[in-house]
Amino acid sequence: MILAHDVYFTLNDDSAEARQRLAAACHTYLSGHSGTVFFTVGIVASELDRPVNDRGFGVALHVYLEDKAAHDAYQAHPRHARFTLENSSNWKAVRVFDSWVETAS
């Protein structure tokens, strides 16, 4: 089992440019941490607009980590703190979903 850390950002400035800036910041500060199994960040798929789609975000971060210790180290890392410091002023809301997931065999 690995820990899936999924974060959904709703932005005050929700322009395409602001979304791209946040995605770029995620790559700069949140990728490449020790214990990371998988990392990606993306922009909401605006063309997928069914009644079941949650559209209350602009940027989605997905970081899968080896275990809770890797997660805790990631959260405490200075790069994570710098990401928050430099970007949180444009966050209207942040929703975090952590779950244990099985890897494909």
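We're numbering straight along the sequence, starting at 1. Only this structure's heavy atoms are used, side chains among them; waters, hydrogens and symmetry mates stay out.
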Judged by atom type as modelled, is there a donor-acceptor pair below 3.5 Å linking the side chain of Arg19 to the main-chain atoms of Leu11? no
Side chains of residues 40-53: which donor-acceptor partners sit under 3.5 Å, not counting sequence neighbours?
from	atom 1	to	atom 2	distance (Å)
Arg50	NE	Asn53	OD1	3.4
Asn53	OD1	Arg50	N	2.9

By ring-ring contact (aromatic ring centres under 6.0 Å, His included) - contacts of His71 (at least two apart): His5
Run Tyr8 and Val94 through side chain to side chain contact (heavy atoms under 4.5 Å, CB included) and show every step you take. CA-CA 6 Å; Tyr8 295 85; Val94 177; over 6 Å; no
Apply side chain to side chain contact (heavy atoms under 4.5 Å, CB included) to Leu3 and Tyr64, showing your working. CA-CA 6 Å; Leu3 184 62; Tyr64 287 33; over 6 Å; no
Short N-O contact, Glu17 and Arg21, less than 4.0 angstrom: no
Please round to the nearest 0.5 Å and tell me the distance separating atom CG of Leu22 and atom CD of Glu86. 11.5 Å
Specify whether Phe83 and Trp91 have parallel, tilted or perpendicular ring planes, treating 30° as the upper limit for parallel and 60° as the lower limit for perpendicular. tilted
Using the rule that two of Ile, Leu, Val, Met, Phe, Trp, Tyr join whenever any of their side-chain heavy atoms come within less than 4.5 Å, decide whether Tyr74 and Ile2 are in one cluster. no
Using atom types as modelled and distance alone, determine if a side-chain donor or acceptor of Asn90 lies under 3.5 Å from a backbone N or O of Asp13. yes
Rounding to 0.5 Å, atoms CD (Glu66) and CE (Met1) come to a distance of 15.0 Å
Please tell me whether Leu65 and Val96 are part of a single hydrophobic cluster in this structure, the criterion being side-chain heavy atoms less than 4.5 Å apart. yes
Would you say that Phe9 contacts Asp14 through its side chain, given a criterion of any heavy-atom pair below 4.5 Å between the two side chains? no
Separation of Trp100 CH2 from Lys68 NZ (nearest 0.5 Å): 8.0 Å
What is the distance from atom CG of Asn87 to atom OG1 of Thr84, rounded to the nearest 0.5 Å? 8.0 Å
Within this structure, what is the NE2-NE2 distance for the pair His33 and His77, rounded to the nearest 0.5 Å? 5.5 Å
Shared ILVMFWY cluster between Val63 and Val7, side chains joined below 4.5 angstrom? yes
Taking all non-hydrogen atoms of both residues, which atom of Ser34 and which atom of Ala70 are closest, and how far apart? O-CB, 4.2 Å
Quick one: pull up CG in Leu61 and CZ in Phe39 and give me the separation to the nearest 0.5 Å. 5.5 Å
Shared hydrophobic cluster, Val59 / Tyr29 (ILVMFWY, side-chain heavy atoms < 4.5 Å): yes
